[in-house]
Structures are given as structure tokens and as C-alpha cells.
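Down below is the structure, laid out as C-alpha cells.
Side chains are part of it too, since the values below use all heavy atoms of this structure and drop only hydrogens, waters and symmetry mates. Sequence lines set the chain letters: A, B, ... in the order given, protein chains first and strands last, and positions in each chain run from 1.
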2 protein chains.
Amino acid sequence: MVTKNIQTQRKARGRPSSFDRETALMAAMRLFWDRGYEGTSFDDLTAVMGISASSFYNSFGSKEALYHEAIDAYARQASAWFVAALETGQTTADAFRALFEAAACAFTRCDSPSGCMIASAATQCSPAQSRLKELMIDQRRLAEDAMKQRLALGVKAGDLAPTTDLDALAGYFSTVMQGLGIQARDGASREKLIEIGHMALSVFKQ
Amino acid sequence: MVTKNIQTQRKARGRPSSFDRETALMAAMRLFWDRGYEGTSFDDLTAVMGISASSFYNSFGSKEALYHEAIDAYARQASAWFVAALETGQTTADAFRALFEAAACAFTRCDSPSGCMIASAATQCSPAQSRLKELMIDQRRLAEDAMKQRLALGVKAGDLAPTTDLDALAGYFSTVMQGLGIQARDGASREKLIEIGHMALSVFKQ
DNA sequence: TATTTTTTGTAACCATCGCTCCACAAATCC
DNA sequence: GGATTTGTGGAGCGATGGTTACAAAAAATA
């Protein structure tokens, strides 16, 4: 779909784009992040991206295709701090402490919409968007899996009891993470989110 | 807005309704619960309510007014188990254990959409629905306040340390509750939700 | 300069959205 | 029965949704 410049020497034929694709994609991502798929209209998108309808379809195919790209971009960006945090510290508790602190920061950046684009997406939507709904469920599952893997590492390291129910614990942390997304969306401060994250770590003690 | 039958003796004038208002409202509530406000179309509503457009406006005023009624109905129904659970048991921990178990049950009933109608509503929506968004934020705040009050009772009863940060703890439980709503929406089983709720209680065992 | 390739601007398209109007139907009151 | 009141059915409205068609514009190639 996207024409690759295999030979950077050869210049592109045809009329050049008047906009930067990546910049436009980021703008679209933020709008989707803030308003969700159904809450974001086509006109809002083209306005914030600074392009016309024809350029939109020429470059991104459709609204749904653009949403997919936006989710991918967000997931890449989010998994950066997500994975990095989980690799922080010595103990499993340290890692999850870092994870929640990173989430609290990511969910309350002044240069982005609040909360998590994935956590609060398509929880309620029309049947026409059932495919997107499933996609978001998968994305949330990916995050939960990543947490589970880190917990398994903790068991292997003797950090956690071998009897630890990894699925349940990962589900618990995933639940807190998703809840944090909603709290952030509702205007909770970064400090409040961090405090909540710290409280969630009390499952480790005892 | 609604005509009250002050004198039950006197029969209602005019052509009688061909549908039961409460039944239609419940049907609408479930559809909104499942699809959200923007995800539910006018035609979907009239279809599931079994009435025509004119009867719809005659009885409910507008889509938004109906949504308000639906939210009120849900809040009444939900606060029933919510408040009852918080009054359960001796200790504060008992009360919250009951609360999470009640939530787990309420969020996974086969005769209703999964999850919480309020927790996952309008987290992402178009600016046109900003009033509804604020309404939902208020509703979520009400739940958090109720939890905070129960925690304060625990301090008064000597159940919790006087130094307990009630706001933070209530925020934490509220976060877990909202996360449970998303988990349920994603298809988590009742057992999983209960397990997660139990883990959330570990904040009590210092 | 002519040709080819790609992007852009403009103007529509068609379905759906929430909603209104109005003539008619069905009940009570006098 | 006639008047009054209230609910119903159906047609259709203006606005907006996402999408497409088409020709002009701007670049490389020949």
C-alpha cells in the first residue's frame, strides 16, 4: 500500500505531498485518543491533519484504516515506556512500581490527551464497530500478557512464591492499569495516580 | 413532565399508550449500556423499545432526555447493591469484600450487558457530548464518595488507622472498580473478577 | 516540449442521523 | 352523540456522516 523508496537516489515521480504524513498521523492519533473512533468525525480529522478529503483517502485509505495506524502508533509509543518500566529495578515489585509511575506520567502529559488511548477505547460502541472492539480487546490482552511474563520472571527469580497465580495477578494489575486510565480521563492528578499505583503494590507484601 | 395520577379514581383521558413506559425504558437502558450514547442510534432505540418515533418523542422528549432517564434508572439499580454491600459485615474490609463480590456479580449477569454502564461511559466522545461526559464523571465521583464515606466510618470505628488517607484509598478502590468494569466488558469471568476484587483488599493488610 | 505519474481541490454522492409534522385513532367527559 | 384529550403511524425534513469522481496542478521522465 505504501510506496517504499528502495532507491533513495531516484526522486519520486508525480506531484509531491504538501504535508508530512507522520505529522498528520500523530495529529489524527491524538484526536482519536481524545474522542474515540465514533466520536471523531471525518471533517474533524481532515481539519486537524490539515489535509483535504482527497489527500486523506489517497494517503490513508479510509477512516478505519487510519484508526488502525493510529492505534499501532500509540501502541508502539506506549509499549516503549511500558516495557522499559517492567525492566526496571531488581524485584518484581520494583518493576511494577516503575510501571505504575510511568503510566501515571504517560496518562497525565499536558502535550497529549489524558488517560490511555487503548484502555478506554470501544468499551461501548455500535455493532458496526465490533471489529474495532475486538481489536482493542486484543490490545488490552497484550498488555496483560506482558505483565504476566514479568511476573513469571519473578517466580523464576525466587521473587514470588512458586504458587503464585500468575493469571490472577496479571489480571489484577491489568485492572488497576485500566482503572487508572479512566481516573486520568476524569481529571485525576498525576500525584493521585501515583498514589493509587503504590497502593496497588500492596498485593506483594504478605 | 410526567403526568401524575393524583386521583387514581379518575381514568386517564385520551388514547391509552400501547406500550409500558417502564419496560421500554429498561430496554433502552440496556441498549445504551451496551453501546453507549453515541453508539446507539435512534432507530435502534425505537426498534428495541417497540415504539414509533412519535411515541418516542411523546413519551421521552429526546434521545438525550431518554439517556438521562436510563442513567438514573441504572444508578438506582446499581446503588441498590452498592450501598447494600457496603453495609455488609463487621469490618471495613468485610464491607469492601462484599462490594467487590457484588460488583463481580452485577457485571457478569447473563440477563444484562456485561460491565458497568457508568464506569465505561463517555470516556471518549465527541465534544458535542461534553455535557454527558461531565454527567458520567459526576456519577463516578458519587460512587467514589460513597466508598470514602464507608472508609471514614471505618476510621471512626477504630477499624482503620486515624492517619489513613481516605481520599487516596477511595480513589484506589474506585480505580479497581472501574477497571473491573472494563475487564467484564472484555469478557472476564465472574470468578476472575471476584479473584481480582479479593486481591484489591490486600491494601487493608498493611 | 510532450508524456507520465502522483497529489490536490472542488463538488458532489448516498446513507444515516435525530427529529418534526400532521392526519387519524382511541379513549374519556359532557 | 359530540367535544375533548391524548397516543399512533407514516412521510419527510435538514444536517452530517464517510466516501467518491474528476479534472487541474506539480513533479520526474523521455
Quick one: is S55(A) getting a side-chain N or O under 4.0 Å of the dT7(C) phosphate, OP1 or OP2?
no
Along DNA chain D (nearest heavy atom to each residue), the more 5'-positioned of I51(B) and G14(A)
I51(B)
Considering only heavy side-chain atoms of R15(B), the closest of dT7(C), dG17(D), dA26(C) is dA26(C)
With DNA chain D as reference, determine whether F56(B) or R13(B) sits nearer its 5' end, using the nearest nucleotide of each.
R13(B)
Rounded to whole Å, please give me the gap between OH in Y67(A) and P in dG17(D).
18 Å
Could you state the atom-to-atom distance from CG of N58(B) to P of dT5(D) in whole Å?
15 Å
Among the candidates dT8(D), dC19(C), dT7(C), find the nucleotide nearest to the side-chain atoms of S18(B).
dT8(D)
Nucleotide nearest S54(A) when distance is taken to its side chain, options dA28(D), dG9(C), dT8(D):
dG9(C)
With heavy atoms under 4.0 Å as the rule, sort S126(B) into base, sugar-phosphate or nothing.
nothing
Could you state the atom-to-atom distance from CZ of F60(A) to P of dT20(D) in whole Å?
16 Å
Strictly by side-chain hydrogen bond (donor to acceptor under 3.5 Å, both in side chains), give each pair with a member in residues 114-123 of chain B just once, sequence neighbours left out.
none
Distance-only donor-acceptor check, side chains N58(A) and S55(A), under 3.5 Å:
no
Nearest whole Å is fine: how far is dG7(D) C1' from D20(B) CG?
15 Å
Calculate the interatomic distance between E64(A) atom CD and dG17(D) atom P; express it in whole Å.
18 Å
Spacing of D43(A) atom CG relative to dT19(D) atom P, expressed in whole Å
12 Å
Taking the side chain of S17(A) as heavy atoms from C-beta outward, which of dT20(D), dT8(D), dT7(C) is closest to it?
dT7(C)
In whole angstroms, how far is the P atom of dG17(D) from the OH atom of Y57(A)?
12 Å
With a 4.0 Å cut-off on N to O distance, would you call E69(A) and R21(A) a salt bridge?
yes
Between the side chains of Q178(A) and T175(A), does any donor sit under 3.5 Å from an acceptor?
no
Between C1' on dG7(D) and CZ on R21(B), what's the gap in Å once rounded to a whole number?
14 Å
Quick check for you: to the nearest 0.5 Å, what is the distance between F32(A) atom CZ and H68(A) atom NE2?
11.0 Å
Picking from dG18(D), dG18(C), dA25(D), the nucleotide nearest the side-chain atoms of K63(A) would be dG18(D)
What nucleotide among dT19(D), dA26(C), dT7(C) has an atom nearest to a side-chain atom of P16(B)?
dA26(C)
Can you tell me if S52(A) touches the phosphate of dG9(C), counting only side-chain N or O atoms and a distance under 4.0 Å to OP1 or OP2?
yes
